[in-house]
Chemist: 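After the structure tokens below, expect a handful of questions from me.
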Number of protein chains: 2
Amino acid sequence: MMSKSIFYHAGCPVCVSAEQDIINLIGTEKVEVVHLGDDSGRIAEAEAAGVKSVPALVTPQGNVLHINFGASMADVKG
Amino acid sequence: MMSKSIFYHAGCPVCVSAEQDIINLIGTEKVEVVHLGDDSGRIAEAEAAGVKSVPALVTPQGNVLHINFGASMADVKG
């Protein structure tokens with residue numbers, strides 16, 4: 001089982017703000033941050049996990065929390 | 001400054017699922033859970049904090065994270 005959450009974002013202002021909040025809440029050592037704009041090879045992984053928009057947090061249990069709304073995955077894929 | 005986050009919800013299935021995820025991530029001692037359906041006296045407080053829909057988490061810094069989408073505040077007020 002994964003022990004870390006994964007925070008997917010795309011660098012938008014909403015994403016960056018949420019990232020700071022999530023890191024403050026959960027702790028930087030408990031969350032992996034993935035920038036899908038810089039690391040587009042992980043878009044498929046994010047979609048497979050159920051991510052529909054960013055920013056989103058995938059929990060260690062595999063649940064997806066869509067946090068606020070920065071951009072749809074369609075926008076991320078450009 | 002507040003040291004706890006506040007998780008506002010209204011008992012909907014999306015809310016209950018997100019509540020468990022948030023408690024698992026942040027720790028039960030670090031988050032106050034407010035059920036706006038049972039405790040409608042706190043709806044004004046939630047709206048003043050910037051909550052537009054539930055479930056939502058207000059961080060100790062006062063930022064609002066809208067998590068997934070269960071119901072609008074208009075629905076909560078019925």
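In what follows, every chain begins at residue 1, and chains take the letters A, B, ... in the order their sequences are listed. FYI, side chains are in, hydrogens and waters are out, and symmetry mates aren't considered; it's all heavy atoms of this structure.
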Chemist: Is there side-chain contact between Asn24(A) and Pro60(B), with heavy atoms separated by less than 4.5 Å?
Modeler: no
Chemist: Is it true that Phe69(B) and Val76(B) fall in one hydrophobic cluster, defined by side-chain heavy atoms closer than 4.5 Å?
Modeler: no
Chemist: Counting heavy-atom pairs closer than 4.5 Å to chain B, which one of Leu25(A), Ile22(A), Ile26(A) comes out on top?
Modeler: Leu25(A)
Chemist: Examine whether an atom of Val31(A) lies under 4.5 Å from a heavy atom of chain B, and if so say whether it belongs to the side chain, the backbone or both; otherwise answer neither.
Modeler: neither
Chemist: Identify all side-chain donor-acceptor contacts of residues 10-21 of chain B below 3.5 Å with residues at least two apart in sequence or on another chain.
Modeler:
residue, atom, partner, partner atom, Å
Asp21(B), OD1, Asn63(A), ND2, 2.7
Asp21(B), OD2, Asn63(A), ND2, 3.3

Chemist: Test: ring-ring contact (aromatic ring centres under 6.0 Å, His included). Region: residues 3-48 of chain A. Which pairs qualify, not counting sequence neighbours?
Modeler: Phe7(A)-His9(A), His9(A)-His35(A)
Chemist: Examine Val54(A) and Ile43(A) and state if one hydrophobic cluster contains both, with Ile, Leu, Val, Met, Phe, Trp and Tyr joined whenever side-chain heavy atoms are less than 4.5 Å apart.
Modeler: yes
Chemist: So if I apply the side chain to side chain contact (heavy atoms under 4.5 Å, CB included) rule between Leu65(A) and each of Leu65(B), Ile67(B), Leu57(B), which one comes out positive?
Modeler: Ile67(B)
